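Note: hydrogens, waters and symmetry copies are ignored here, and every other heavy atom, side chains too, is used. Everything numeric here is computed off the predicted structure, so don't read it as measured data.
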Amino acid sequence: MSKRESVKNSAKFLMDGEEFFATFVKCLDEVKRSVTDGADALSKPEDTSNVPKAVPANTYVRLAYWAMELGVPLRKDNPSQTLEVELKALADLGVHVEIILWDPDVVSGNYTGEGNFAAKVALGNQLVAKVLHGYKDKILVYLESHPARLKGLGLGLHQKMSLFSVRGRLKALVGGFNMEAEYWDTPFHTGKHPITPSDKVHTLHDTALLVKGPVTLDVEAEWLRRWDRQVSSDSFMIWNGPPRYKVRGAIKGLLKDQPQTGDLAISVLTTGVSAFSTEHSIRDEIKTLLKGATSYVYAENYQFFEPEIVSEICRKLKTQKQFHVCVVIPDQACDPAQANTQLSRIAYTRMLVASFKDKQGTKGKLDDALRGLRINDVLEPVNHENGVYYKVLGAKSPKRWMEGAKLQKRPAPVDGQKTASEPLEVALELIEGVDLVDGETPRVQFYCPVRFPAHSDQYGDSIKIYVHSKLMIIDSRHVIVGSANFGHRSMEYDGEMSLHVQSDAFAIEVKRKLFPHYNVHSQKEVPAALRDDAHGQYNQVRLIPRSPGDFKVNKEQLPPYPLDYSWF
């Protein structure tokens, strides 16, 4: 499925698990009320006429998730109301519920040995299928594998979407949340699970969009494409479920039934949707938006180092002096494998050095320092501007796109002098040792969100907030929210879905909700207030600016097996 765009939509920005699960339950209740009250609950809650004798075929719930737990609580005031309870209640009323879940292949299930993440997800998803599939002949569960296309590498169907239909009128929920208990958290991120008793520190920041209008048909089209793989040549398995499965797959929402009163243009973007073709509309859309950007890019993500996106940002930083980059990622403490930290550090440094232009400022200091490096190997001359220390070589192979890279540098101009390169690791250490020139503000800044306790504003005492959000804002005009991480695997191989909302008003609405979450209240184009580290109050969430050196990897903590960076 390539990029699909529609207009006359509406959207609501959701942040953190408390709001996400409350919205999910509200949509389930609307479907339920449409049956018990005979009302079109998604559009006319006050109308109780025309009570149906049976549940219409086009009243249903459709889910597709990377991971799902039967016992995830859905209601904060009643944790016993779990996903299993709520979905069975719908089926008891005669509502069809159809679920697609990722079924990890053998490669994914065995990657890195015992205790791997994919194996845990597989067990949870398989339990959902065992318990729910066939319930009252109303619930169907399809465990969908994503066939490997890359030398046996197991890939994932990482999309997370919910569709709620009342007589063909749809709502769609798309974002980064999985249907698991760990995704419960409040915007305050106190470090305690708001529902499940636990002695472990728990924080998780995530985002999603609830949309209405023609865009829901595009979301459902992707859901149906996956559902139809059960009997298509794109799948390595044939469905043996109830015969009515084929009929259910033919039922879908129609344009005439969707509200068209909104004012938003929304695009549905996907990546890696098929075993035999590639689709990269998420990355392509981001690159296109960056090329036309004039002010800034703000991103928060579990990872931020997709090479083509990083390269596009570097080009923008070199050509546009007023362009700024603000990235929010989890603290290094949230990355025990160290791979995300290492790649984020390299991407950060590439963008940072690309942002320096003034030869009399920090750029000049870096030029002088790099010229003093001992040259270990020599390359043929490369045509490039003077002072080339920020061009990366040898970075095209997916598995070595950063680890095998070298940072090109050129000594002082001398006739006949060849271009030289140094390992990127050496250049990183050198760059981290160069202080900014007084008065110079970096145009690239990475942050890690933390919550300080009531008794201290020391970073070491803070609770680290795990960032799972996949959000990007460009120029206060474009908002992208979905399932795709800003890493190479998500943008190239895994099955992903993100929504792009193009609207100045909606972008401002998102910022008004998002920035106070971090105790930042500026509504400037680039949140300059984020750079102000003068928030001295205790007991609050804050963004802490980090340097590339703060993400330095302790090689003694690296796992004993070789890291395959194409997985990140």
Side-chain angles (χ1 to χ4, degrees), residues 203 205 207 286 290 293 295-307 309-314 316-317 323-335 337-356 362 366 390 392 402 405 407 424-425 427-429 431-436 440-451 459 462 464-474 480 485-488 490 514-515 517-520 522 526-533 535 541-554 568:
T203 65
H205 169 67
T207 53
I286 291 173
L290 287 171
S295 300
Y296 75 91
V297 56
Y298 170 92
E300 51 184 46
N301 203 265
Y302 162 60
Q303 47 191 213
F304 194 88
F305 42 72
E306 206 292 321
I309 292 177
V310 171
S311 295
E312 193 60 52
I313 290 176
C314 287
K316 178 64 64 172
L317 288 165
F323 192 75
H324 289 74
V325 179
C326 176
V327 177
V328 178
I329 62 172
D331 186 86
Q332 185 174 354
C334 301
D335 179 28
Q338 300 286 289
N340 287 326
T341 297
Q342 175 73 339
L343 294 179
S344 294
R345 174 180 180 239
I346 297 171
Y348 185 4
T349 304
R350 284 188 59 189
M351 292 186 290
L352 186 62
V353 295
S355 69
F356 295 128
T362 303
L366 283 170
Y390 44 72
V392 176
M402 280 192 166
L407 192 68
L424 188 54
E425 186 71 21
L428 285 174
E429 293 174 0
I431 290 166
E432 289 160 1
V434 175
D435 294 327
L436 292 176
E440 188 169 26
T441 301
R443 291 192 289 137
V444 180
Q445 183 65 69
F446 275 46
Y447 297 89
C448 294
V450 303
R451 181 178 182 82
Y459 186 73
S462 65
K464 279 59 178 180
I465 298 172
Y466 186 79
V467 181
H468 195 261
S469 174
K470 297 93 169 60
L471 165 71
M472 184 177 287
I473 306 173
I474 300 176
I480 295 174
N485 293 311
F486 302 134
H488 188 65
S490 286
L514 179 69
F515 292 159
H517 169 261
Y518 299 116
N519 286 287
V520 173
S522 169
V526 178
L530 294 179
R531 307 185 192 285
D532 180 7
D533 197 25
H535 303 287
V541 175
R542 285 167 49 190
L543 289 174
I544 301 300
R546 310 298 276 164
S547 72
D550 293 325
F551 297 120
K552 189 170 184 179
V553 172
N554 183 350
F568 294 91

- request: Calculate, to the nearest 0.5 Å, the distance between atoms OG and CZ belonging to S344 and R546 respectively.
  value: 12.5 Å
task: Kindly indicate whether the side chain of E300, heavy atoms from C-beta on, has any atom under 4.5 Å from the side chain of T207.
output: yes
- prompt: Quick one: side-chain hydrogen bond (donor to acceptor under 3.5 Å, both in side chains) partners of T203, sequence neighbours excluded?
  reply: none
message: Just to verify, which of F304, F515, F446, Y518 counts as forming a ring-ring contact (aromatic ring centres under 6.0 Å, His included) with Y298?
response: F515
query: From T341 OG1 over to I329 CD1, what is the distance, rounded to the nearest 0.5 angstrom?
result: 7.0 Å
field: Q332 vs D550 side-chain heavy atoms within contact, under 4.5 Å
entry: no
field: side-chain hydrogen bond (donor to acceptor under 3.5 Å, both in side chains) partners for N485, two or more places apart
entry: K470
- request: Write down the atom of R443, the atom of S355, and the distance for their closest heavy-atom approach.
  value: NH2-O, 2.6 Å
field: CZ-CG distance between F486 and L471, expressed to the nearest 0.5 angstrom
entry: 7.0 Å
field: Beyond-backbone contact of F305 with Y348, side-chain heavy atoms, under 4.5 angstrom
entry: no
statement: For M351 and V310 the tightest heavy-atom approach is CG-CG1, 4.0 Å
- request: State, with a plain yes or no, whether a side-chain heavy atom of V444 is found less than 4.5 Å away from one of I313.
  value: no
message: For the CG atom of L514 and the NE2 atom of H205, what is their distance to the nearest 0.5 Å?
response: 5.5 Å
Minimal non-hydrogen separation, I474 against V297, with atom names: CG1-CG2, 4.0 Å
Minimum heavy-atom distance N301-P330, with the two atoms named: O-CD, 3.4 Å
- prompt: Under 4.5 Å between any side-chain heavy atoms of H488 and L343, yes or no?
  reply: no
message: On a heavy-atom basis, which atom in A293 and which in F323 lie closest, and how many Å separate them?
response: CB-CE1, 3.6 Å
field: Set of residues satisfying side-chain contact (heavy atoms from CB on, under 4.5 Å) with respect to S311, sequence neighbours excluded
entry: R315, R350
- prompt: Which pair of non-hydrogen atoms, one from I286 and one from M472, has the smallest distance, and what is that distance?
  reply: CG2-SD, 3.8 Å
